Amino acid sequence: MNTVPTGRVPDTCEIKLSDLVRAEVTKIRALPATWVALALALTADALLGLLAATDVVRLAGHDGQIAIAQSGTVLLAPVYAFVAVPVFTAGGEYRGGQVRVSLLAVPDRNRFFLSKLLAILGVLAVAVLPVVLPGGVAQHALGDADAGEAVDALFTKAVAYLLLGLVAYGSAVLARTVVTPLAVLVVLPVLVSPLLRGLSPEVTRLLPHEATLSFLGMPEGPDLALDRPVGLSVVLAWAVLSIGAAWAVTARRDSCP
Amino acid sequence: MIEAVRLTKRYGKKPAVDDVSFTVRPGRITGFLGPNGAGKSTTLRMLLGLDHPDDGTALIAGQRYRDLRHPLRTVGALLDGAGPVPERRGIDHLVWMAQSNRIPRRRAHEVLELVGLTGAARQRVKGYSLGMGQRLGIAAALLGDPEILVLDEPVNGLDPDGIRWVRNFLREYAASGRTVLLSSHLMAETAGTADDAIVIAGGRIVAHGSLDDISAGHESLESAFFALTAERGGRGGW
């Protein structure tokens, strides 16, 4: 350690929300998991787009083989790599006691939550197009959709990714961990939906994953289908609920890491 | 100046901190002493707005911590269980902290140099030794060149050279009119560094005053500590 005296830090004007957002973006950028998750999402989305467009690989279904393009759950699978970004952003705060350092720097809980939310929204909004574009281009170039339909599908998919990202973000704040929200989000479509579908398709189609598939126009079956605007409304409601609960909890609870 | 007024925190029915009041004055190093589980860390977290008190108030420079305009320029804190995400690089940890409080980026490099971590700035924190992690925590506390330092076991994991550096640094810091609250369970270290002491045991303040006053009638600060904390259920041995 040196014996250099501390340097005077010049006083500056009020800390703005944009300063806090910039700091949160730095946190996200400086986390290797962010880049790994985005690379995984991009690769998986591009590969599935290619397979869906060329139909060279088929899946085993109840009534024989089905094309990948007909399986919404498979086509939507890369979103779970994409939502790892908000999950790591929120859940990562509870690794190494980072949340306590964050709250020392930004003690106003509402400003802290808002800046973090704006930062992750910005990062996801910038990242979503590069992630979904290659898969969409492959499906358009090799498939039979016209350009208008392809752009519409891309935009819809980007919105779906963003909304599921927000659901995941709120869940990670509530769970204070990385593993649980990712596990729950993956288990819901893979295990819960198939089991619940037989008992109550009316409830199953309101789950975030199933509502997103309806919004994308790829429901897993007629019994789970919602109109696309209704699907959008349901997944939007999940996102609002998740973020609202996370905000309320952040404002009130102690800083246990 | 730090003021705690009747701070109380309960976990369930059990009070972790019970009606704690004290003042930490500028220009002095105040040791905050207590056995494990005495309520030191809980008190510090309430002072710094991390945990909500069930009762009482904590003021830093006359305001609640969460109302401070420039938190990191007012208080630098090193707390147990508060550190960077292990996968992040040391420099990135300091840069986001600086950005969040409008502190110039160059200051991150200055404090890294100050604590002798310049060579490890681009290393991920998970590769740091215990002492390096502690140095990074001290660097983070000094980032805003604050008026008040709140340090929980700052010499934990440091080598003798580092311990001496911290001791001298804190003395200079306090001598310049700033406030230092130093939580520790190392009696000899505290006796060699602090001017005043607050002793907490079983969640209550059992002594508060100058080191000389607290040690009066005892062989050493350590003897005084054991005598004071034993009355409040402190452990007599292993």
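Note that the structure is a prediction, hence the values are computed from the model and not measured. Lettering of chains follows the sequences in order, A, B, ..., and the numbering in each one begins at 1.
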Neighbour count >12 (heavy atoms, 6.0 Å) for atom OH, B/Tyr11:
yes
Is it the case that more than 12 heavy atoms not belonging to B/Asn156 sit under 6.0 Å from its CG atom?
yes
Is any side-chain N of the basic residue among B/Asp51 and A/Arg253 closer than 4.0 Å to the acidic one's carboxylate O?
no
Electrostatic pair B/Arg102:A/Asp19 at N-O distance under 4.0 angstrom
yes
Rounded distance [0.5 Å steps], [atom1] in [X] versus [atom2] in [Y]:
X	Y	atom1	atom2	result
B/Tyr65	A/Leu103	OH	CG	9.5 Å
A/Gln98	B/Trp96	CD	CH2	5.0 Å
B/Leu79	A/Leu104	CG	CG	5.5 Å

Need one label for A/Ser102: side chain, backbone, both or neither, based on atoms under 4.5 Å from any heavy atom in chain B.
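Contact with chain B: backbone and side chain both.
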Which region of A/Arg111, side chain (C-beta onward) or backbone (N, CA, C, O), has a non-hydrogen atom less than 4.5 Å from a non-hydrogen atom of chain B, or is it both or neither?
neither
Options [options], ranked by heavy-atom pairs under 4.5 Å with chain A, top entry:
options	answer
B/Asp67, B/Val85, B/Leu72, B/Asp92	B/Val85
B/Arg124, B/His93, B/Glu87	B/Glu87
B/Pro84, B/Ala77, B/Pro86, B/Ser100	B/Ser100

Considering only heavy atoms, which portion of B/Asn168 lies under 4.5 Å from any heavy atom of chain A: side chain, backbone, both, or neither?
neither
In terms of heavy-atom contacts, A/Ile15 and B/Arg69 come closest through CD1-O, 3.4 Å
With heavy-atom distances below 4.5 Å as the criterion, would you say the side chains of B/His70 and A/Glu14 are in contact?
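A side-chain contact under 4.5 Å is absent here.
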Side chains of A/Asp254 and B/Arg45 in contact at under 4.5 Å (non-hydrogen atoms)
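No; the side chains remain at least 4.5 Å from each other.
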Residues in residues 20-27 of chain A that sit under 4.5 Å from chain B, counting heavy atoms only:
A/Leu20, A/Arg22, A/Ala23, A/Thr26, A/Lys27
